[in-house]
Amino acid sequence: FGSNTFCDALTRSGQLGACSSQMKQPWDVYGHDSGARQNWSTLVREVGGPCWYSSTWPSRDCCWLAVLAICVFCRAWMSRRSSRRKVRTTLAVEAAHVVKGTHVKVAAQPDAIFHALHSTFDELQAKLPELAGAGFDAVQLPPAHVSPSGDLRREWYLRYQPLRWGAIDPHLGGESSLKKLCAEASRLGILVIADCVFNHAAAVASKAEWEAAQNDAELLEEIKCRLDNTFAPELSRDDFVMPWDEGWGCGALSELRLCENVLAVHLDHLKRLLQCGVRGFCLGARGFCLDAAQNMQPAHVGQVAQYVEFLQREGAFVYTEVSSLDRQVHVHYASLGSKLQPVRSMDYPLAKQLKEVFSLPKHGGPRPAFPRLAAMPDSGLGPGAVRFVRNHYTALNSGTALCGIDWSCAEDAKLAWAYLLSAPEGSVLLYEEDAALPLVQRALAFRRAILRQAAQKIALVASGACSVEFELSAVPPSYDPVMLLVHLRGSGSEGRSTPLGVVMLSFGEGRQHQRPKTPTRPRSNSNSPRLGHVAAPASLPIPWDLGKGARMAEVLGGELQGSGSWSPRLGRTFQPMEGLMQPSHAAHFFLVEAPLAECACTAKEVVVHYRTGWPAPHLHFGVQGEWTTAPGWPLRRAAAPPTAGSGTGHGHWWTLHVPVAEGCEALEFVFNDGGGRWDHQLIGGNYKVDSPGTYIVEDGSIRKAVL
């Protein structure tokens, strides 16, 4: 583990034998640094075969285990060499740690997590079959340590004020109820995630008292006595940070000093949660969330790494709750894990972006959903993060909204949930109230079905690596609904893909769209755009060629069948190329049945590259005479296009992708700075294009790029 003190603590606890103070990396078993003692044996197989990690045991106890491991390694290695393909495939990496002769596989990162903050263990156990049928593969428990008693819903914050870690809180059902919950979850294939609060303990004084005690020795001694009386016999005053420091965000809560005694108490709590299983049938918690990690002082981060190393050695999935928009803060805590098992983080940056894109306008009028989605700068912390739209902190905290994520209610956030769940990336953590929305349940069933369909098709791929991707588009002139295509892309030169599903998110813009006002015509060198208005089409064609014979079926939900198997519940099936009626609901989810690698899955679009010195340029355009509402769609900052000329213009390059469709391919547009200044062609008025493609606009002229 890299810490003799930590290993000695484990040895004294009687749970682990003496272990080497220096952990080797898994790749060392292939010959690097072969002179050092090897604590791990590693076997990597392609999809269909697990990768086992087994800790070294004393030869006098387990000689047969070493012989068996060598035989299995040689057999699998020879099998791999004889059947090696000329392709790259995704490695299914699992691990197993030997615990008294039992193999414990490393818990894979879950896909959909149900946050059961307001439920007791018995209540959650009763919900598990329903959650499994809805598409959840993990549940996150309320913190299991002993906390002050209170209503689980109205006084939820008490769960994050630990009193003792040496027992499972009887108010939640105690250890016996937790064991029953873990047994039922194991039967249904659901991962149990424990929420651990290790940064602080319950409050024994108000914030004002803590502040006053910094200059009042008598009051400080009184507070220290409260600490002794409240947390004995596990902790004493010496286990808390002195002097009190509000700078790390603990407020009135009692901030812990991660000393040797506190480490031992926390490790005992982790082992208690890991062992809450019926021996021989299931394990206890296999996932762990480290709450409020960003409030831990830098001097304590090294101790937190010891928690992570212990849990990962036991085969657990670990992530941290870091409520910060600063990506570097998240990167810092991600480094706590190993290269093969990085510590995931809750994606607050992405949640903030989703709030900005999907929020209702404050003063009415249409909201430009598609261009704002297309202009999202990135995907937050990356595809491996734990993602959310609302969580318990942003939904329940009073006062200033945490990180500016201030949804008024779950209903207000439902389209953001539909968008997030449609992209099968990372883990999604769903707060209990949001998971009850019918639209969110359909989106979750779609996500589960897409992942299963992708896994089945990947197994049939004979050449090239594959990746599941999604593409955003819309159909002019209304650009509502916004559509997402989820597809399996191959690595060949043509980039052929297999469509998996289509999502339609309706913002009501097509029905609310009004004819925009004509912008003020400048007196000198700018012409106002020509405006017009046409009615929205009665039907909406799919903007992608899904391939010959492709069919689509709407996902209406999911259901749990015999022996824990799950399948989507589908609605009517229809031919996608005939067009779809304007959705009457906020979102529709369709599975696509198509031959493998049948289509290019690329929608038609006009890509505009524009060079200007304006800080926030917009594109105001018209399709078939219907124009966007001024100032139009915002452009996104970009690098210079490969075919950019040597013009004399100054400023930066910006870009925008505008979807077009059959019969709606001609585009007329002008640029503006968002504040009344306009830019058109030097000769001929508005810029015009008559076909999809990439166009370069610079120095008042436009040309089509030859790619």
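The structure displayed is predicted, hence computed values, not measured ones.
Of the residues Trp678, Trp627, Phe621, Tyr687, the one that meets the ring-ring contact (aromatic ring centres under 6.0 Å, His included) test with Phe669 is Tyr687. Tested against Asn686 for a side-chain hydrogen bond (donor to acceptor under 3.5 Å, both in side chains), the candidates His680, Gln681, Glu668 yield a single pass: Glu668. Of the candidates Glu321, Arg327, Arg387, Glu321 is the only one forming a side-chain hydrogen bond (donor to acceptor under 3.5 Å, both in side chains) with Tyr348.
Between atom CD of residue Glu411 and atom CG of residue Leu437 there is a gap of 6.0 Å, rounded to the nearest 0.5 Å.
Under the 30°/60° scheme for interplanar angles, the aromatic rings of His609 and Trp653 are found to stand perpendicular.
Taking every heavy atom of both residues into account, Lys355 and Asp406 meet most closely at CE-OD1, 3.0 Å.
The number of heavy atoms from other shown groups lying within 6.0 Å of NE2 (His652) does not exceed 12. Atom CD of Glu593 is surrounded by 12 or fewer heavy atoms from other residues, nucleotides or ligands within 6.0 Å.
Annotation: side chain of Leu373 is in contact with side chain of Val482 (closest heavy-atom distance under 4.5 Å). Annotation: side chain of Tyr319 is not in contact with side chain of Gln109 (no heavy-atom distance under 4.5 Å). Phe114 places none of its side-chain heavy atoms less than 4.5 Å from the side chain of Leu430. Side-chain contact between Leu619 and Tyr610 is absent, with no heavy atoms from C-beta onward closer than 4.5 Å.
In this model, a donor atom of one side chain and an acceptor atom of the other lie less than 3.5 Å apart for Lys704 and Ser691.
Thr655 places a side-chain N or O within 3.5 Å of a backbone atom of Val608 that can act as its donor or acceptor partner.
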